[in-house]
Trainee: 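I have a structure I would like to understand better, so I am pasting it below and will then ask my questions one at a time.
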Amino acid sequence: MQNALSRQLTPSQKKAVFHVEGPLLILAGPGSGKTRVITHRIAALIDSGIKPSNICAITFTNKAADEMRQRAGTLGASAGAHISTFHSLCVRILRRYALKAGINPNFSVYDDADQKKCIKQAVKACELDTTNFPPARMLEALSTLKNNLTDIDSFKTQADDFFSKTLAKVYASYQTILTDANALDFDDLLFKTAFLLYNHPDVCAELGNRFKFLLIDEYQDTNHAQYKMAKNLVSTHNNICVTGDPDQSIYGWRGADIRNILAFEKDWPDATVVKLEENFRSTPNILEVADNLIAANQKRKPKKLIPTRPTGKDIVISPFDDEIEEAQGLAEQVKELTQQGASTKDMAVFYRVNSMSRVLEEAFIKNKIPYQIVRGVEFYSRKEIRDLLAYLKILVNPNDEIALLRIINTPARGIGKTTIDKVRSYATRQNITFYDALKKAHQIDSLSKAPKSKIASFVKMIDQFKKDTAGHIAPLAEHIFNESGLEKSLKDAGKDGENAIENVNELISAAAQYDEQAEDPSLLDYLQQISLFSDVDVYDTSTERVALMTLHCAKGLEFENVFIVGAEDGLLPHERTSSDDDNDQMEEERRLLFVGITRAKSGLNISYAKYRTIRGQVLRTIPSPFLFELGIDFTETPAENHYHYDDSTSQDIPQFAPNQMVRHKKFGLGTVKEFIDMGQNSVIVVQFTSGQTKSLMLRYAKLEIIENS
DNA sequence: CATAGCCGCCTTTTT
DNA sequence: GGCGGCTATG
């Protein structure tokens, strides 16, 4: 068997595959056959007599887990090995050891939309102003704390400035809200699991016995909580194998700590290190460019990508006038490649921010090119999907207030804000949950007859649904969709409703698939698993269409032809990072482009636009500084008056002259009477055809020049 | 209580 | 430019 497995493997790959006991670090550059090595390794472990159920492999996305399961399956090693993401594993562990973790196993998993609602409540409960304490900011801060395993008490003692002290209060308040709702957010999953293991050596021992071999992919993107968790999971045997590439660390903003991989040999002094430096994916042309770029990072161990393929096509850097031209140019290149026999499913377009997909989409539609947008969440954040899932969540966890509030009047059933407020204050007074208060609605004096009976029938309906939660998910979901009135309300909503119904049907068929395939199917498991899914996981690689995605999503994928758009300063690197003098973030942006480039097998096109409309403003751009680091003949120099846009105060202020014809979005056509040039504060006086004359701040007016005088 | 329309807020990347 | 939340109105 060893011979069969080792065929077609290089010596270093073989070493990584067949080294069995003890800690193992696989430093795998892009395109080095890492996935292959891991799956072979799983097969080799099983081949050497280890039970599949004693193997636990952790991937970065659910999709990667699916693929690994499949590939391991083709090597005859699928059944029994636990392959999932950190988050999925945490859900399993927390459910199993709920008592010791101090939680209720029926917990809901809160995604970012739910989190946002909770943090708003928390900020409000602390009597803080949302302008000074923006929810998104607070959430980010809390996320960092949790990822670093800082609990409320220890943060309280170390908080010495006003902001930290305030944050400590919000932290406590936020956690109370989640605890009351019996909910955990994404960060809590890791946090609670890490603490569970830290506090319970017996659990570590038991899990160490269950998972005798731990493999972690994309180790460079693990955060502190994941690191601690991993450490404790293998504390009894040290059979840990991690793979990763420091040059592909692109999740620092999410708490990923590149030091985890850099310090692996310190953490496990007897570690075996295998380097996979050969690249089997890309042409030398592409690798050279990637090498040149990444060499600009200071904080890095020098490393060369070793090409194995013959020389291929030149890398193309194309300038365009604006993003529309760029998208059109891209579409034309795609067509040309297709005519030469290339397949659209082997092509991908990468961009820095999701909002850039729109223009590309329009160009692709116009040119009749099939495409697929691979986006972070999308499907599960649709209103109709969230609504239906909220019904299901209530059945498992009636304390889930976010879900309950979502559906109590969806579809409209006459339970409005006033009624809800009354029930809520009753719940607070009686110190009972919102759901229990609903059940006791008939006892609430402040409610009149009508709302009381409406609440009663709502509660009755939910109780009815609760009766058959034991069976399959799909029929239950369908039943609830019907009986709750959701379906009817969508049917009455016309065109949009039709679309929504289609989405719900898609959800139901996905649920049917779950019913058939899940290891341990239950409504609880379904809901907990589904909340960890994103659209990236559903991305379909088999049909003929160009994939459009962010550079972050591109990690782990490969395509024959890659297009990277928007290589402009402020976008890549993104202004939010480069305006800082924080060099670490600049290096991460560089790694992001490195990841993008190294996805390409043979064709690489990078483009930028000289003008780009961002949030409705046309801005003059300059090419990304990274373009000059690629080491290829990039002669396109910035024109005279290119300048940088780093915030809203430095925009391009066009010049106007009297008698010029302009159009205003609201006031219509008009003639310029006067133009007072004061740079950012320029004022323009326009007489509109409607008769009125207005002085406008040019900065805000968004005038369109119709005709030059 | 529901609906429509308006205002103001936010706007990088994602498990 | 887009969404959520608020308010005024039916």
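Note that these values count all heavy atoms, side chains included, but never hydrogens, waters or copies made by symmetry. A, B, ... follow the sequence lines: proteins, then strands. Residue 1 opens every chain.
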Trainee: Can you tell me if A:F60 is stacked onto the base of B:dT15, using a 5.5 Å centroid cut-off and an angle below 30°?
Mentor: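 Here A:F60 fails the 5.5 Å or the 30° condition.
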Trainee: Any side-chain N or O of A:N409 below 4.0 angstrom from OP1/OP2 of B:dA2?
Mentor: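 So the side chain of A:N409 is within the cut-off, an N or O lying under 4.0 Å from OP1 or OP2 of B:dA2.
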Trainee: C:dG1 P sits how many Å from A:R612 CZ, rounded?
Mentor: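 It is 15 Å, rounded to the nearest whole Å.
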Trainee: Could you check which of B:dT15, C:dG2, B:dT14 has an atom nearest any side-chain atom of A:R358?
Mentor: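 My answer, after comparing the listed nucleotides, is C:dG2.
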Trainee: Is the phosphate of B:dC1 approached by A:T419 (side-chain N or O, under 4.0 Å from OP1 or OP2)?
Mentor: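 Result: yes.
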Trainee: Can you tell me which nucleotide in B:dT14, B:dT15, B:dT11 comes closest to the side chain of A:Y251?
Mentor: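 Side chain of A:Y251 sits closest to B:dT14.
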Trainee: Parallel, tilted or perpendicular, judged at 30° and 60°: which one describes the rings of A:W253 and A:H552?
Mentor: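 Because their plane-to-plane angle is over 60°, the rings of A:W253 and A:H552 count as perpendicular.
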Trainee: Mind calculating the distance between NZ (A:K555) and P (B:dT13) to the nearest angstrom?
Mentor: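 Computing the A:K555:NZ to B:dT13:P distance gives 16 Å.
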Trainee: Do the side-chain N or O atoms of A:T550 get closer than 4.0 angstrom to the phosphate oxygens (OP1, OP2) of B:dT14?
Mentor: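 Yes, because at least one side-chain N or O of A:T550 sits under 4.0 Å from OP1 or OP2 of B:dT14.
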Trainee: State which residue, out of A:D400, A:I402, A:I407, A:L404, fulfils the side-chain contact (heavy atoms from CB on, under 4.5 Å) condition with A:K393.
Mentor: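 The option that passes is A:D400.
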Trainee: Taking OP1 and OP2 of B:dT15, is either one under 4.0 Å from a side-chain nitrogen or oxygen of A:N223?
Mentor: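 Answer no for this pair, as no side-chain N or O of A:N223 is under 4.0 Å from OP1 or OP2.
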Trainee: Only one of A:D217, A:N260, A:D257 passes side chain to side chain donor-acceptor pair (under 3.5 Å) with A:T222; say which it is.
Mentor: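 Only one option passes, and that is A:N260.
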Trainee: Which one, C:dG2, C:dG4, B:dT14, comes nearest to the side chain of A:K120?
Mentor: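 The closest nucleotide is C:dG4.
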Trainee: For the side chain of A:P134, starting at C-beta, report the closest nucleotide among B:dC10, B:dT13, B:dT15.
Mentor: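 Of the candidates, B:dC10 comes closest.
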Trainee: Using a strict 4.0 Å threshold on nitrogen-to-oxygen distance, state whether A:K117 and A:E401 make a salt bridge.
Mentor: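 Salt bridge: no.
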